[in-house]
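Just so you know, these numbers use all the heavy atoms, side chains as well, and skip hydrogens, waters and symmetry mates.
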Amino acid sequence: MEQSTNLLEGILLLLVMSVASVAAFRTFKLPPILGYLLVGALSSEHALGWLPENHSIEFMAEVGVVFLLFAIGLEFSVTQFLAMRRTVLGLGGLQMLLSTLVGFVLLNYLGVGWEGAIIAAGAMALSSTAIVIKQLTDQGEMHERHGQLALGILLFQDIAVVPFLIAIPLLSHNTTADPELVVMGLHALGNILVLALMLFTAHYVLRPLFQKVANAQSIELFNITVLLVALTSAWVTQSLGMSLALGAFLAGMMLSETEYKHQIETEIRPFRDILMGLFFITVGAKLNLAVLPELWLSILWLLLGIIVIKALIVAGLVFLFGNSKGISVRTGLVLAQGGEFGFALLSLALSNRLLTQDEVQAALAAIVISMALAPLMIRSNDTVTRKLLSDSYLRQRYKDVHAFSREVKEVDNHVIICGYRRVGQGLARLLQEQGVPYLGLELDSKIVTEAWEAGETVYYADASRTEILMAAGIQRARLVVITITAPETAQHITEAARKKNKTIPIIVRARDDTYLETLIKLGATEVLPESLEASVMVAQRVLEKLELPNEEIEEVVNRIRVEGYHQLKSFFHGLAQKATSKSETFLHSIVLQETDKAVGKRIADLNLASMDITLKALKRGEIRGDQPSPEMILQAEDTLIIEGKVDRFKEIEKKIHGERKESKDKIKDAKTPPELKTLTSITELEEPKSKLENPD
């Protein structure tokens with residue numbers, strides 16, 4: 001009991017510190033990851049000692065990385081993975097080999113024994129999958145060329161952990177095992193066969209499994225199944241001596257082939273975001289601030305090796321693989337840090353006496369400091385590349401753009417489609433049928449190649465770059481349509497498009513209305529949230545079947561869209577419904593009783609606006625009036641229909657009811673009349689109006 005209490009207290013302290021630090025870092029427009037790292041450094045056993053002594057927090061943090069890689073796997077398919085095999089195996093393999101060799105030489109120079117130097121060099125050759133992917137995703141760069149190259153290298157690094165884990169006991173002087181290459185080879189071959197079996201099994205099992213789960217129509221069962229699949233796959237790879245994250249990535253990649261990927265992505269996001277915060281806290285806790293003054297020279301050398309030498313190695317290899325200098329430097333900057341799996345290698349090397357305590361602390365400090373600097377370096381990768389390469393970088397970018405511009409210079413009065421996947425391709429075919437010219441911009445090379453060969457006007461281009469939009473003829477285009485649902489990417493494209501053309505209509509597709517207001521502020525003419533558009537389509541079809549005049553139907557649909565779907569955003573939430581976005585509002589009804597404080601007062605006296613509450617309607621008897629007059633006197637048995645955020649409803653009920661304790665369900669079993677007269681305004685009431693305004 002005492003242990004669980006200490007764990008709870010530790011988590012509460014971490015949450016308080018995290019809220020304060022992340023809020024402070026956001027105020028100064030710094031990556032929140034740095035806030036988590038600072039919390040970890042301050043609360044570790046080397047500082048304030050507020051972290052629980054058991055490993056519960058560390059385990060929860062590892063699960064956070066599992067969910068992160070699971071989510072990334074959902075964005076990839078097996079076909080995509082095979083298409084990246086040259087990057088994963090070729091580029092990733094060479095990066096690990098060269099980085100480890102250079103690190104080995106540097107550590108040997110610093111006086112580390114050759115056995116320990118191999119392991120420590122391997123640990124520092126790894127980069128942080130969690131930081132790189134999260135930061136690139138936040139910046140909307142995950143699908144750009146340097147983002148894809150970085151991901152391919154990171155995937156190989158996760159696999160490369162295995163040989164080092166096998167080598168540590170073989171290199172240790174405390175073991176009698178002979179370093180037989182045959183044994184190591186058989187072990188590696190066995191792991192590969194198990195991974196292949198996992199992929200084969202998942203291909204034939206996961207889709208039927210989730211079909212049965214979906215048929216049960218239970219969100220609880222769906223969520224539990226997602227957790228089971230992700231954690232089981234992670235457990236299998238860990239049992240083979242590989243990382244938890246690799247198994248989670250494979251599971252996500254297999255589920256990306258199913259129609260449930262978007263629902264799965266939505267369900268795991270809360271787990272991922274919270275646990276990832278804990279992960280970065282545990283990374284910061286590895287740093288012992290007390291040893292920095294004593295080991296500063298060794299730490300500095302190792303830090304320079306991790307950041308500078310690794311960046312140069314990655315950039316050089318990427319360039320040799322046929323990429324431009326700009327992409328090469330950006331990829332090098334993105335991967336110029338240590339990785340979370342390096343901690344496991346160093347810890348195991350210490351326990352096997354391959355490294356001393358001081359050597360491990362120096363390496364740990366260098367890795368943690370590099371990870372703390374990583375978000376800033378990743379965020380500024382484009383800016384730094386511009387400064388390093390100066391005119392050559394810009395010339396290359398504009399050369400690419402100019403070539404693209406020449407190809408499309410004849411296209412005029414066209415539609416620019418940003419994102420050429422299912423929705424983008426469907427739109428393109430409809431435009432083609434109507435004889436409307438279009439240009440598709442897409443970063444999936446396979447889609448671009450196949451669509452181009454099929455005669456469709458689609459190009460491999462990053463629509464978030466203003467020069468690409470200029471080359472695509474945004475000044476002479478009729479319309480920009482953004483079909484990419486990744487919110488960060490959609491926001492970047494919207495902002496870039498609006499900067500280059502102040503008047504062009506910009507239509508943005510979105511999953512829901514979470515970022516609707518943000519996109520409108522950035523310049524979107526219209527945002528189409530799929531969840532709300534479904535309601536509009538259903539309503540339109542219903543009105544058509546009721547044979548209402550087409551002009552009336554069109555007027556209703558247009559009004560809903562012009563008002564920003566406000567009429568559809570609010571609904572009665574029920575017992576289990578929770579808000580899914582900060583902007584989401586609900587409807588709520590309150591029945592007044594004789595003893596209520598609000599009875600006899602004017603509506604204006606409630607001052608609902610101060611609590612961000614809107615009175616949508618008032619029902620008295622069988623008469624309901626929308627937007628009642630603020631001067632109306634409230635009576636017992638009146639029903640107020642209010643709109644607002646869920647967390648404000650209790651506050652307004654307390655204000656209306658006063659000291660009344662009973663719930664409205666106990667006081668009154670409100671029944672809906674069989675016939676209800678609905679009016680557009682309370683002022684339209686004739687005889688009832690005078691009675692409502694003058695109750696006496």
Between OG on residue Ser128 and CD1 on residue Ile378, distance to nearest 0.5 Å: 7.5 Å

Quick one: do Val448 and Tyr420 satisfy side chain to side chain contact (heavy atoms under 4.5 Å, CB included)? Show the steps, please. CA-CA 8 Å; Val448 173; Tyr420 204 73; over 6 Å; no

Checking side chain to side chain contact (heavy atoms under 4.5 Å, CB included) for the pair His146/Val334: CA distance, chi angles, key distance, verdict? CA-CA 8 Å; His146 65 282; Val334 163; 4.1 Å; yes

Hey, could you give me the CD1/OG distance between Ile133 and Ser127, rounded to the nearest 0.5 Å? 11.0 Å

If you look at every heavy atom in Gly339 and Met371, which pair is closest and at what distance? C-SD, 4.3 Å

Can you see which heavy atom on Ala451 is nearest to which on Val458, and at what distance? CB-CG1, 3.4 Å

Taking the side chain as C-beta and beyond, is there a heavy-atom pair between Gln491 and Thr518 under 4.5 Å? yes

Tell me whether Ser21 contacts the main-chain N or O of Ser18 through its side chain, where contact means a donor paired with an acceptor under 3.5 Å. yes

Atom pair CD/CD1 of Gln425 and Ile447 - distance to nearest 0.5 Å: 6.0 Å

Return the CD to CG distance between Glu643 and Leu608, rounded to the nearest 0.5 Å. 12.0 Å

Is there a side chain to side chain contact (heavy atoms under 4.5 Å, CB included) between Leu640 and Ile652? Walk through the geometry before answering. CA-CA 11 Å; Leu640 306 180; Ile652 188 61; over 6 Å; no

Taking every heavy atom of Val508 against every heavy atom of Ala524, the minimum-distance pair comes out as CG2-CB, 3.7 Å

Minimum heavy-atom separation for Thr639 to Ser589, with atom names? CG2-CB, 4.0 Å

Residue pair Leu516 / Pro529: nearest heavy atoms and the distance that separates them: CD1-CG, 3.7 Å

In the structure I gave you, are the side-chain heavy atoms of Phe156 and Thr87 within less than 4.5 Å of one another anywhere? no

If I take atom OG1 from residue Thr483 and atom CG from residue Leu441, how far apart are they, to the nearest 0.5 angstrom? 10.0 Å

Where do Phe70 and Leu255 come nearest, in terms of heavy atoms and distance? CZ-CD1, 3.5 Å

Measure the SG-CG distance between Cys418 and Leu443 for me, rounded to the nearest 0.5 Å. 10.5 Å

Answer yes or no: is there a donor N or O on one side and an acceptor on the other, between the side chain of Thr494 and the main chain of Ala490, under 3.5 Å? yes

Could you check Trp235 against Leu231 for side chain to side chain contact (heavy atoms under 4.5 Å, CB included), going step by step and ending with a plain yes or no? CA-CA 6 Å; Trp235 170 76; Leu231 295 177; over 6 Å; no

